[in-house]
Amino acid sequence: MMRVRTPLATVLALSSAAVLLQPGASHAKRMVIHDEDIVPPSFALDGAALGGPRAPTGADLRAPAHLAGGTIATLADGALVIDPDSGDLVRLDLRGNQLARLTIGRDAAQLVVDRAARIAFVTDRRGDQVVVVDLAGAEPTVRARWSTPAEPFGLALSPDGATLLVTTVADRMLVAFDTKAGTARWRRPLGPEPRGVAISPDGAQAIVTYLTSAAVDRIQLADPSATRSIALGTARAGAPVTAAATVEAIDGTTTGRRFPRNAFAARFVGNQLAIVPHQVSTPLQESRFGENTGSYGGGFEPPVSHALTIIASGDTDLPRQVSAQIAIHQPRALAWDPARDRLVVAGFGSDSLLFVDAASQAGIRHVVDVAIGDRSCGPQGVAFGDDGDAWVYCAVSRKTARVALDDKRVAKITWGPPVAATKLTELEHLGFDLFRRGNDFRLSTRGAMACSSCHPETRTDGLSWRIERHELQTPVLGGRIMGTHPYKWDGGDADLTISLTSTMKRLGGGGLRKDETRALAAFVEGLAPPRVPTRSAARVARGKTLFASAELGCNSCHSGARLTDRQSHALSGTLATVDTPSLVGLAASAPYYHDGSAATLEALLADRGLVHGMAEVSDLTATQITDLVAFLETL
Ligand code: HEC
Ligand code: HEC
């Protein structure tokens with residue numbers, strides 16, 4: 001089952017043609033592309049596996065599921081689900097039927113269950129709190145609410161249940177709560193767009209994952225100041241990868257820089273390994289056949305693929321790691337069953353699961369890819385039951401499924417009813433479904449890209465994509481679309497339907513039906529802006545005054561509710577004219593400008609403002625720049 005990957009250079013994937021003529025060569029050479037090269041292998045380990053010689057023992061074998069949170073957890077007599085759409089926490093019996101529910105709040109993100117203590121912790125993403133839920137009685141009840149920095153998301157509970165780790169998105173913090181006292185023991189800053197967190201079975205360390213960084217953080221829990229950033233390697237098998245937050249490009253081969261992205265979750269398995277599922281994006285491809293101007297990335301291979309990176313966590317500063325290319329789309333969540341040393345990974349975009357056996361051993365084996373059988377599932381959470389069945393929570397259909405693998409690796413799937421009703425309109429809900437769909441030929445070349453591949457959680461991947469000979473930065477969508485037409489950086493698309501149609505065409509997709517495009521538009525228009533970080537009110541007020549001042553004149557162009565005049569301006573840069581962007585959600589949209597040339601808002605104001613000729617900012621003092629940035633970050 002295990003396939004060792006052929007060198008990338010020999011794998012040339014093309015959308016339609018199977019034979020290609022190499023232009024420019026005097027004796028045009030015929031290249032034959034084999035079918036097996038076009039279809040991505042479902043599990044291809046890039047080199048020798050890491051891990052121990054045998055199955056987990058000791059602390060590994062006793063590793064509780066609560067070492068990393070998710071949207072579903074199993075109980076001895078059923079399961080508990082947090083449904084972000086409705087904001088409901090729902091208790092299910094072993095058949096997936098509802099027993100009881102408790103409203104947490106819309107966008108609630110994750111839960112972890114301490115089975116021994118019969119409590120659950122839930123992140124209330126909009127309410128900036130962790131809700132502590134008592135599971136002892138028939139109905140779940142709120143035992144306590146702990147305030148967190150803005151926008152709590154990921155959860156992990158230490159093996160002994162004494163420490164709860166919480167990541168927060170807008171305020172970029174990792175907070176460790178003492179679960180007895182209900183108070184914060186320590187907190188430390190994180191990078192932009194943190195999401196998942198996982199603790200090792202021995203309780204010694206934790207890993208935090210990110211959407212827009214090519215690295216994960218490793219924190220020693222005995223000394224949280226000893227945090228290392230570990231670049232996710234996607235090419236060099238088993239070799240240490242230089243650890244530095246700024247190291248974005250891992251693979252320097254001719255296929256162009258490859259950026260790990262969208263790491264929503266991590267999980268430690270036995271034998272001191274941590275597993276991080278993620279996406280790999282190649283926004284600027286190099287091709288021997290010239291530039292493919294009709295594609296995102298400018299090349300001929302799909303610019304988005306998916307991987308599991310396995311990190312040897314016991315190692316020193318430069319841990320060994322290895323990657324496996326996987327065929328499931330947008331791996332979003334994972335669970336590990338210590339008794340069977342089996343891993344399951346949920347493919348959010350492909351409505352499928354990936355099972356891996358001997359996950360912590362050198363004899364790692366791919367078991368099977370299982371299609372869920374519901375094209376509108378959107379697997380967002382997975383957990384193992386005590387009997388070894390995998391439970392799946394579908395974010396789109398809001399149903400749960402139990403998946404049992406028999407000895408022949410054939411899956412038996414048992415569905416439960418939807419756990420809650422959606423709060424979206426019917427049209428928006430269809431748009432939500434379409435937005436995350438991978439493997440859909442109508443949206444992109446061979447379905448390699450979904451909207452959420454580059455706009456994870458409808459935000460930005462922080463990359464500038466090669467499109468029609470320009471590098472263009474992916475914009476944040478939430479809060480920026482309604483009433484801001486025309487669209488795209490050059491303001492070339494008069495309305496949203498035109499813009500979405502042109503996007504699908506550029507992505508190489510066949511296009512959606514009219515009503516489906518309308519649904520996608522309704523979803524995108526209805527999105528809330530990203531949450532803003534907490535900033536000093538005095539600074540924000542001073543920044544606001546500066547922004548509106550006649551000297552700076554920012555609001556002569558950034559005007560109205562969404563801070564855009566919807567006009568194009570001839571600034572310097574690679575585009576002749578640029579449509580004034582909305583400034584909503586700026587804190588979540590780095591880097592800045594159409595070409596991503598300003599890494600931070602400070603950089604934009606300190607020099608790039610002048611370089612682009614956008615505004616005269618050279619007289620601003622350092623304090624004024626700090627004030628203005630504080631204001632901009634809260635838009
Ligand atoms: C490969 C990465 C990628 C994918 C996939 C992708 N986008 Fe984008 N998106 C971008 C980039 C880059 C831009 C800026 C392009 C430009 O201005 O010409 C953009 C621009 C947009 C805009 C215009 C925003 C504005 O304010 O002008 C919308 C709306 C949008 N995308 C929605 C979508 C939807 C819906 C999908 C799925 C059909 C999608 N995108 C798929 C990268 C991507
Ligand atoms: C002449 C009209 C104009 C004025 C005046 C102006 N801007 Fe802009 N602003 C633009 C345009 C056009 C862009 C896009 C430029 C590009 O991408 O190259 C932009 C981009 C930006 C961005 C980056 C947005 C993103 O998502 O990448 C920020 C932040 C910004 N402006 C803030 C300001 C501030 C602060 C001021 C006042 C000091 C200001 N602007 C004055 C037109 C203007």
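FYI, side chains are in, hydrogens and waters are out, and symmetry mates aren't considered; it's all heavy atoms of this structure.
With contacts defined as side-chain heavy-atom distances shorter than 4.5 Å, the pair D83/Y393 qualifies. W336 has its side chain within reach of L343: a pair of non-hydrogen atoms, C-beta onward, lies under 4.5 Å apart. No side-chain heavy atom of V304 sits less than 4.5 Å from a side-chain heavy atom of V280. Side-chain contact check for V370 versus L405: some heavy-atom pair is nearer than 4.5 Å. The closest side-chain heavy-atom distance from D202 to Q272 is below 4.5 Å. Contact of the F268 side chain with the Q205 side chain is registered, since non-hydrogen atoms from C-beta on lie closer than 4.5 Å.
There is no side-chain donor-acceptor pair under 3.5 Å between D171 and T168. Residues R398 and H429 bring a donor and an acceptor atom of their side chains to less than 3.5 Å of each other. Between the side chains of T141 and D134, no donor-acceptor pair is found at a separation under 3.5 Å. T309 and S323 are linked by a side-chain donor-acceptor pair at a separation below 3.5 angstrom, with hydrogens and angles left out of the test. A donor and an acceptor atom, one from each side chain of R188 and T227, are located under 3.5 Å apart. Side chains of D88 and T103: a donor on one and an acceptor on the other come within 3.5 Å. Counting only N and O atoms by type, the side chains of S229 and R218 include no donor and acceptor under 3.5 Å apart. Donor-acceptor pairing under 3.5 Å is recorded for the side chains of D341 and S360.
The minimum heavy-atom distance linking D389 with A404 is given by the pair OD1-CB, 3.4 Å. Pairing each heavy atom of G585 with each of R480, the nearest pair is C-NH2, 4.4 Å. Across S589 and Y592, no two heavy atoms sit closer than the pair OG-CE2, 3.4 Å. Of all the heavy atoms in R340 and D386, the pair that sits closest is NH2-O, 3.9 Å.
By the 6.0 Å contact criterion, CZ on R54 is open, its count of non-hydrogen atoms from other residues, nucleotides or ligands being 12 or less. Within a 6.0 Å radius of CZ in R185, more than 12 heavy atoms belonging to other residues, nucleotides or ligands are found.
Using a 4.0 Å cut-off between a side-chain N of Lys or Arg and a carboxylate O of Asp or Glu, D387 and R402 qualify as a salt bridge.
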Show your reasoning for whether salt bridge (Lys or Arg N to Asp or Glu O under 4.0 Å) applies to R342 and D337.
CA-CA 5 Å; R342 177 174 279 181; D337 177 354; over 6 Å; no
Start with the C-alpha distance between S452 and E457, add both sets of side-chain angles, then the distance that settles side-chain hydrogen bond (donor to acceptor under 3.5 Å, both in side chains), and finish with yes or no.
CA-CA 7 Å; S452 49; E457 286 201 327; over 6 Å; no
Using salt bridge (Lys or Arg N to Asp or Glu O under 4.0 Å), reason through D627 and R542 one step at a time and then give a plain yes or no.
CA-CA 6 Å; D627 292 347; R542 287 199 298 270; 2.9 Å; yes
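When each of R459, R261, R531 is paired with E193, the salt bridge (charged side-chain N to carboxylate O under 4.0 Å, His left out) condition holds for R459 and for no other. Each of D114, V130, L157, V132 was checked for a side chain to side chain contact (heavy atoms under 4.5 Å, CB included) with T179, and the lone residue meeting it is L157. N262 pairs with exactly one of R195, H278, Q279 by the side chain to side chain donor-acceptor pair (under 3.5 Å) rule, that one being Q279.
Put simply, OG1 on T163 and NZ on K180 are 10.5 Å apart, with the number rounded to the nearest 0.5 Å.
A distance below 6.0 Å separates the ring centres of F177 and W146.
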